[in-house]
Amino acid sequence: MALGSVLLEILQRPTIGEVLSEILIFVIPLWVAVAIGVIVGWAWRPKWASNLSREMLLDSKFQLPSCVSWVADDGGIQKDSLSVPSTLNSERSSSKIEKERSDLVMEDDLEHLSKLVEVTDGGPAWIQVMDRSTPNMNYQAWRRDPETGPPQYRSRTVYEDVTPDLMRDFFWDDEFRAEWDDMLLHAETLEECPTKGTMVVHWVRKFPFFCSDREYIIGRRIWESDQMYYCVTKGIPCSSVPRRNKPRRVDLYYSSWCIRAVESKRRDGQLTACEVMLFHHEDMGIPWEIAKLGVRQGMWGAVKKIEAGLRAYQKHRASAEPLSHSALMAQINTKVSADHLRSLESRTSDMLEIESQETPEKRAGNNIPKFLVIGGAIALACTLDRGLATKALIFGVARRFATGRRL
């Protein structure tokens, strides 16, 4: 109201010259404030902004997205355009890691996943970020920010009319994953252990907006205990696949889940639904705050896409088609007793409380002067000639910082 009355008073001046002079007197201080913000913001520019600029300038595959979403369309990238070193095929052997590399995914990984499930891992409290549902699925998600490392995510999904065995095979089936996961550009099994079911797989995934594709070398293994499946997948070192500039390799990767039968939402006393507890984090090489914004914007779309893929997989399995090699490997599990699993869980007795919102101390950490944030965003956007979508993303993140909102 005060600003409107001042402008109205200026426009009521008798001559155009007086109006223009009053407007100049009114606008000049604002421009001076913006200039100071830009100068100070440029000096304050953090290291990740320089890294982001370098990543965007080096990336020749940048495409303008139709929306800022974690689940993007193919964008014209052909899956068969990727080449894998010819030495990989000659080195593959069904028993190669039975003695040499079967320790890549060990019982310590089972212990860690079990403690994550029981919320006894000793990490920070979880903050709920989503609670949504469809007629055949309920979904809840949490996030936590450790002192070091990328944000970590925890989710609980209950699918109606799905068995744990089918759910286990669905997540392991790389051949069928290509039918529903349009971010998966390449998947290949490098090594496997036919006795323990341990696998080493090579993935290349497409990333949205300004990022280049990412490469993963994943070790994975499944344990079974008391009709529950503990599925561990994590990034591992692999010298047989040389590093390349593109796609960029992701070394820190963890995505594991626990699968079990639960009662249906129909409350008929039948265990006809399937619960999946997922724990995921990875260092994708982009600023974590921007990564959190991308995950938040695309989370629900990704969840619905997984359910659509699962229902298609149910029909695929009902058609009596032969099982893929990955699905067959998913059925090779290491069995552990419930008592042994409880002994692993009892090694840590610290219980963590799941929070539904951030603590005041956490919110106080975002107390950055607004003019620093906005000035830095202007300076960064002016140096990146990558189109309107990139600038919009930068200003969106800056606005959230300045207003103290969570990403």
Side-chain angles (χ1 to χ4, degrees), residues 88-89 91-117 162-178 181 184 186-203 216-241 253-261 274-280 306 309-310 313-314 316-317 321-345:
L88 293 182
N89 292 328
E91 292 176 0
R92 289 172 58 180
S93 171
S94 63
S95 61
K96 181 177 180 180
I97 60 172
E98 185 168 1
K99 293 182 179 179
E100 297 179 4
R101 306 192 68 186
S102 60
D103 60 346
L104 290 174
V105 186
M106 302 176 63
E107 192 172 81
D108 288 346
D109 298 298
L110 170 63
E111 176 186 350
H112 179 60
L113 176 56
S114 177
K115 289 178 179 179
L116 286 172
V117 172
V162 178
T163 65
D165 288 359
L166 183 81
M167 197 82 236
R168 173 203 62 193
D169 296 352
F170 170 69
F171 281 127
W172 234 242
D173 197 332
D174 287 345
E175 289 86 345
F176 190 82
R177 178 179 286 270
D181 186 356
L184 184 66
H186 173 83
E188 180 179 7
T189 300
L190 303 180
E191 302 168 353
E192 60 189 32
C193 175
T195 57
K196 294 183 178 180
T198 306
M199 300 179 69
V200 177
V201 297
H202 177 220
W203 279 9
Y216 300 80
I217 307 297
I218 299 172
R220 61 191 193 186
R221 182 178 174 185
I222 301 176
W223 285 265
E224 179 185 357
S225 177
D226 196 19
Q227 299 181 334
M228 296 173 62
Y229 293 110
Y230 293 84
C231 311
V232 175
T233 74
K234 65 177 188 177
I236 61 169
C238 183
S239 59
S240 64
V241 182
Y253 173 84
Y254 183 86
S255 189
S256 301
W257 48 93
C258 177
I259 303 172
R260 65 170 181 167
C274 181
E275 177 192 75
V276 178
M277 295 289 299
L278 170 67
F279 302 88
H280 181 96
I306 291 174
L310 173 63
Y313 193 64
Q314 283 182 305
H316 171 73
R317 292 288 292 266
E321 290 285 334
L323 290 180
S324 69
H325 183 71
S326 298
L328 289 172
M329 290 297 297
Q331 300 178 8
I332 305 176
N333 312 144
T334 303
K335 292 181 172 55
V336 294
S337 66
D339 291 337
H340 179 65
L341 196 59
R342 280 191 291 269
S343 69
L344 295 178
E345 296 169 0

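Worth saying up front: this structure is predicted, and the values here are computed from it rather than measured.
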Between Ser256 (side chain) and Thr233 (backbone), is there a donor-acceptor pair under 3.5 Å?
-> yes
Within the distance-only criterion (no hydrogens, no angle test), does the side chain of Asn333 pair as donor or acceptor with the backbone N or O of Lys335 below 3.5 angstrom?
-> no
Which atom of Leu116 lies closest to which atom of Phe279, heavy atoms considered = O-CZ, 3.3 Å
Within 6.0 Å of CD in Glu175, more than 12 heavy atoms from elsewhere | yes
Are the side chains of Tyr229 and Met167 in touch, meaning some heavy atoms are under 4.5 Å apart?
-> no
Nearest-0.5 Å distance that lies between atom CD in Glu191 and atom CE in Met199 | 11.0 Å
Evaluate the ring planes of Trp203 and Tyr216, with Trp represented by its six-membered ring, and classify them as parallel (under 30°), tilted (30 to 60°) or perpendicular (over 60°).
-> perpendicular
Flag the pair Ser326 / Arg220 as yes when at least one side-chain heavy-atom distance between them is below 4.5 Å, and no otherwise.
-> yes
To the nearest 0.5 Å, tell me how far Ile222 CD1 sits from Phe171 CZ.
-> 11.0 Å
Go through Val336 and Tyr230 one step at a time and tell me if the side-chain contact (heavy atoms from CB on, under 4.5 Å) criterion holds.
-> CA-CA 10 Å; Val336 294; Tyr230 293 84; 6.0 Å; no
Hey, are the side chains of Arg317 and Asp169 touching, using non-hydrogen atoms and a 4.5 Å cut-off?
-> yes
Kindly compute the distance separating NE2 (His112) from CG (Leu110), expressed to the nearest 0.5 Å.
-> 11.5 Å
Specify the closest pair of heavy atoms between Phe176 and Gly309, including all atoms of both residues, with the distance to one decimal.
-> CE2-O, 3.7 Å
Tell me, do Arg260 and Met277 make a side-chain contact under 4.5 Å, heavy atoms counted?
-> no
Heavy-atom closest pair, residues Trp257 and Val276 = CB-CG1, 4.0 Å
Anything under 30° is parallel, anything over 60° is perpendicular, the rest tilted; go ahead and classify Tyr253 against His280.
-> perpendicular
Ser114 side chain to Glu111 main-chain N or O, any donor-acceptor pair under 3.5 Å?
-> no
Looking only at heavy atoms, the pair that brings Ile332 and Pro194 closest together is CD1-O, 3.5 Å
Set of side chain to side chain donor-acceptor pair (under 3.5 Å) partners for Gln314, sequence neighbours left out = Arg311
When every non-hydrogen atom of Pro164 is compared with those of Cys274, the smallest separation belongs to CA-SG, 3.9 Å
Side-chain heavy-atom pair Leu113, Tyr254 within 4.5 angstrom cut-off = yes
With side-chain contact (heavy atoms from CB on, under 4.5 Å) as the test, would you mind laying out the steps for Leu323 and Gln331 before giving the verdict?
-> CA-CA 11 Å; Leu323 290 180; Gln331 300 178 8; 3.3 Å; yes
Output for pair (Leu278 CG, Ile259 CD1), nearest 0.5 Å, gives 10.0 Å
Indicate yes or no: at least one non-hydrogen side-chain atom of Trp223 is less than 4.5 angstrom from one of Val105.
-> yes
Got a second to check how far His325's NE2 is from Asp174's CG, nearest 0.5 Å?
-> 10.5 Å
Measure across Cys193 and Met329 and return the closest heavy-atom pair with its distance rounded to 0.1 Å.
-> O-CE, 3.8 Å
Report the distance from atom SG of Cys258 to atom CE of Met228, rounding to the nearest 0.5 Å.
-> 3.5 Å
Got a salt bridge between Asp109 and Lys234, using NZ or NE/NH1/NH2 to carboxylate O under 4.0 Å?
-> yes
